[in-house]
Amino acid sequence: MALAVSSAYAAGQEQQRQREDVQQVVVTAQKRAQTMVDVPQSMSVVGGDALEKHQATGFADYLKLVPSLQLVQSTPGEGRLVLRGLDTGGVASTVAVYLDETPFGSSSGLANGAILAGDFDTFDLARVEVLRGPQGALYGASSLGGLVKFVTNAPDFDGFAMRARIGAASVDGGGVSYRTNLVVNTPISETLAARASVSYQKEPGFIDSIGTAGSDVAKDINKAENYGGRASLLYKPHKDFDLRLTAVAQNIATDAPSMVESDPESLETLYGRPTQSQFVPQMRDIHYRVFNGTANWNLGSASLTSSTSYSTQKQYAREDVTFNLSQFVEDNLGVPNELYMGMELEVKKFTQELRLSSNGGGRVDWLAGLYYTDEKGDLAQRYHALVPGTMTPASGLPMLADVKLGSNYREVAAFANTTIHLNPVYDLDIGGRYSHNKQDAHQLGDGVLTTPADNRAESSEDVFTYAVSLKRKFSERTAVYARAAKGFRPGGPNVLPPNAPPGTPTSYESDSVMSYEAGLKTQTDDGRWSLDLSAFHIKWKDIQLLANVNGFGINANGAGATADGVEISAGWRPFQGLRLSANGAWNKARLDDDTDPQLVGGYKGDRLPFSPKYTASLLADYRWTIGDTTPAFAGASVRRMAGQHASFDPDYRLANGRQREIPSYNVVDAYAGLELGNWTVEVFGKNLGNSDGKLSTAELMPNGMFAYPNGALGTGVIAPRTVGFTLTREY
């Protein structure tokens, strides 16, 4: 009798889990609560449970879960996000990143915004929402490719809860990684609740440093640590008002970048293992700090939301440039040396958004808001010469180079969006945003390796972006839509000396995209089948590019580009407990015309950098019960990355008649676990095939030299085979 009761209980629990799984996901990416089928554009949502099951702790781990999302990266914490192939290697981001209501990262092209997307820790996240295509109507600057939004769990009034997790893993060619996480939620009173989490992760590194003769001089030089925490207070004195205060602190500390020396033609890793010629120990240290207060008032027919944020992003780096410059310094200044560039960057960003939105239930749903941001950036770079083989400063040398760039970006904007319910099945969605930004910059420079500078520049511009979509809803779970939308990336000033030759651009304009998209979203009532299918056509105008004009490195506008593609996400449950899913994208993103072949290297028809022709992921997850009382789970995934083109390289393009190509690769992951009451134990394997996948290619130095000896090209790589476990306890 006890066995029958236990079996019935387990079956009931599984049926309840199945019912919960087919509930429609509610998202907030359009600044209001909606089900995914009601959002008239292509989007993906990755829940916190899925992130944990796949051991997804950063951008590189959930590429397989989101169609069209790519990452260009050589160092943890430094990554360029790419959606729908919109990438040319410029200095400002094409994908916006939000943490709840806070826009994070630089909006300008003067503070490394393109490569410093906020890679927030995923522990205790509610979900990650990814909107594909331009989001200029609601989110404004630097969202022309799309939006990645991290949604954290809010404090809960239901009761005290605590969850702790520890884990370890063995990294092929390296050592052992460790992680630990803790989250605590507690009501403080009937109107106040708190939630706090902390995380720590240590990676052992897997790249060895070699000298020019090939002898080992250091092991596992790319060690890394990622640690920090979040704390949140929720004050809700009555049902029509709540105030949430949130603070986030996260540090990502790495030694050498995860870059290996590769053959400049085939991009195969050289010397039979991951290696890097390092003379001066390298490091990168990135600090995130985010503070936000969000208040919501229910006014009856409408709700008022105020979001106030202050964030800082700091980057400290020591970059080895010995191979490129130390011989030049010795030949010209007579002092043997090893050389590194020290860099410090700090971005301080204040934002205020105020919006009023209808509470629904009528013929028209509407939203209107005001936005303000003030962003200050300080970037400093200085070259340091050392006594060879030591960290002792070399004597007898003048100042080599000391360059500082201060910048300020200010933007005011007004936006509105309305959804008109034309009849019970047709909705027309119209949104627009007017924004004005003003920028100024001040550059100081001194030293024998640079031109003395004390230069100022400024710029301003007005931009209007919009989105229009028509949706036809066949049921609560099925809809088709068509969408046209515009997005932009701000222009800005080029800081030039007074004696710059005529014709050297003093500023660069904003670039913009116009996107046309159609899609289908459908799910059966029992959740057995689901399909999200979209097709898009994008025209990109006045693309921002890095160029060298009259001997000055500047930002410039170049030729246009076109991207055409198809994206698919599908799910199937052939029987209870088993879930199969597939994500994929086909994309043809190419230049419409030549860029300057001597300065940039792109020609008409060239595929845009790091825009693979296709990507595909297959995933399986199975849940069952052992002995009627012990839930178990297992899953696996395989991701196929087709060949890509590397960064534009004018010398390689002229010599070979094509851009450098990055080979295709596959990544296989798997996991399995048991739920033992309040305990969960999981084992996992990532990159089980030990694929040598490439995430980036190093650009040549300004003097045209490679960054490593013997003509080797640096390439960022995915982590090698990693096998480990996690142990979780809930209280």
Side-chain angles (χ1 to χ4, degrees), residues 24-31 33-51 54 56-73 79-87 93-105 117-122 125-139 142-152 467 481 483 485 487 513 515 517 519 521 530-534 536 538 563 565-571 581-585 587 610-612 615-617 619 637 639:
Q24 295 198 64
V25 177
V26 176
V27 297
T28 57
Q30 291 207 134
K31 299 184 183 289
Q34 297 173 287
T35 62
M36 284 186 63
V37 75
D38 283 329
V39 178
Q41 60 177 295
S42 180
M43 74 173 299
S44 295
V45 176
V46 184
D49 182 66
L51 292 169
H54 290 279
T57 58
F59 287 133
D61 294 321
Y62 45 87
L63 299 179
K64 64 186 176 185
L65 305 173
V66 181
S68 283
L69 179 64
Q70 302 298 326
L71 175 68
V72 185
Q73 187 175 56
R80 180 193 302 270
L81 290 176
V82 181
L83 277 166
R84 292 186 167 175
L86 300 184
D87 172 44
S93 179
T94 61
V95 177
V97 173
Y98 268 65
L99 179 66
D100 292 324
E101 292 283 350
T102 302
F104 189 79
D119 200 351
F120 290 98
D121 184 81
T122 58
L125 279 186
R127 61 190 179 273
V128 175
E129 301 178 4
V130 181
L131 287 172
R132 296 185 287 273
Q135 306 302 317
L138 283 177
Y139 289 94
S142 298
S143 61
L144 53 82
L147 169 78
V148 175
K149 183 178 183 181
F150 296 87
V151 181
T152 63
Y481 65 88
R483 180 177 190 256
V513 298
S515 171
E517 174 184 335
K521 299 182 183 187
S530 64
L531 177 66
D532 191 332
L533 181 66
S534 59
F536 60 86
I538 299 174
V566 177
E567 300 159 339
I568 184 172
S569 293
S581 58
N583 295 311
N587 192 356
F610 300 100
S611 171
T615 58
S617 298
L619 304 96
S637 66
R639 177 168 64 96

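Computed from heavy atoms alone, side chains included, the values below leave out hydrogens, waters and symmetry copies.
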Are Val66 and Arg132 side-chain neighbours, meaning at least one heavy-atom pair lies under 4.5 Å? yes
Before you tell me yes or no, could you show the steps for Leu65 and Leu619 under side-chain contact (heavy atoms from CB on, under 4.5 Å), namely the whole-Å CA-CA distance, both residues' side-chain angles and the distance that decides it to 0.1 Å? CA-CA 9 Å; Leu65 305 173; Leu619 304 96; 3.5 Å; yes
Can you name the closest pair of heavy atoms from Leu144 and Gly487 and give their distance? CB-C, 3.9 Å
pair Ser44-Pro67: side-chain heavy atoms closer than 4.5 Å: yes
Pairing residues for Thr152 by the side chain to side chain donor-acceptor pair (under 3.5 Å) criterion, not counting sequence neighbours: Asp100, Arg244
Of the non-hydrogen atoms in Val95 and Ser93, which two are nearest, and what is the gap between them? O-OG, 2.7 Å
So, do Phe104 and Phe120 sit near enough that their side-chain heavy atoms are less than 4.5 Å apart? yes
Does Tyr139 form a ring-ring contact (aromatic ring centres under 6.0 Å, His included) with Tyr98? I'd like the steps, not just the answer. CA-CA 10 Å; Tyr139 289 94; Tyr98 268 65; 4.9 Å; yes
So Val566 and Leu533, side-chain contact (heavy atoms from CB on, under 4.5 Å) or not? Walk me through it. CA-CA 8 Å; Val566 177; Leu533 181 66; 4.0 Å; yes
Nearest heavy atoms of Leu138 and Lys31, plus distance in Å: O-CE, 3.2 Å
Go through the structure and list residues passing side chain to side chain donor-acceptor pair (under 3.5 Å) with Asp121, not counting sequence neighbours. Ser199
Is there side-chain contact between Leu81 and Leu71, with at least one heavy-atom pair below 4.5 Å? yes
How far does CG of Asp38 sit from CD of Gln30, to the nearest 0.5 angstrom? 10.0 Å
Could you tell me the separation between the CD atom of Gln41 and the OG atom of Ser515, rounded to the nearest 0.5 Å? 9.0 Å
Calculate, to the nearest 0.5 Å, the distance between atoms NE2 and OG1 belonging to His54 and Thr122 respectively. 12.0 Å
Kindly indicate whether the side chain of Arg483, heavy atoms from C-beta on, has any atom under 4.5 Å from the side chain of Ser42. no
Test side chain to side chain donor-acceptor pair (under 3.5 Å) applied to Ser530 - qualifying residues, sequence neighbours left out: none
Does the side-chain contact (heavy atoms from CB on, under 4.5 Å) test come out yes or no for Gln70 and Asp87, once each step is laid out? CA-CA 10 Å; Gln70 302 298 326; Asp87 172 44; over 6 Å; no
Among Arg127, Gln34, Glu101, exactly one meets side-chain contact (heavy atoms from CB on, under 4.5 Å) together with Thr28. Which residue is that? Arg127
Does any N or O in the side chain of Lys521 come within less than 3.5 Å of the main-chain N or O of Met36, such that one atom is a donor and the other an acceptor? yes
Measuring from Leu86:CG to Ile538:CD1, what's the distance to the nearest 0.5 Å? 5.0 Å
Over all heavy atoms of both residues, which pair between Gly85 and Asn587 is shortest? Give the atoms and the distance, please. N-ND2, 3.4 Å
Closest heavy-atom pair and its distance - Asp119, Gln73: OD2-NE2, 4.3 Å
Using a 4.5 Å cut-off on heavy atoms from C-beta on, say whether the side chain of Glu567 contacts that of Glu517. no
I want to check something: taking the side chain as every heavy atom from C-beta on, are Thr94 and Leu83 in contact at a cut-off of under 4.5 Å? no
Indicate yes or no: at least one non-hydrogen side-chain atom of Asp61 is less than 4.5 angstrom from one of Leu51. no
Would Met43 and Lys149 count as a side-chain contact (heavy atoms from CB on, under 4.5 Å) here? Give the steps. CA-CA 11 Å; Met43 74 173 299; Lys149 183 178 183 181; over 6 Å; no
Under 6.0 Å from the six-membered ring centre of Phe536 and within 45° of its axis: does the NZ or CZ of Arg84 meet both? yes
Shortest non-hydrogen contact from Gly118 to Val97? O-CG1, 3.9 Å
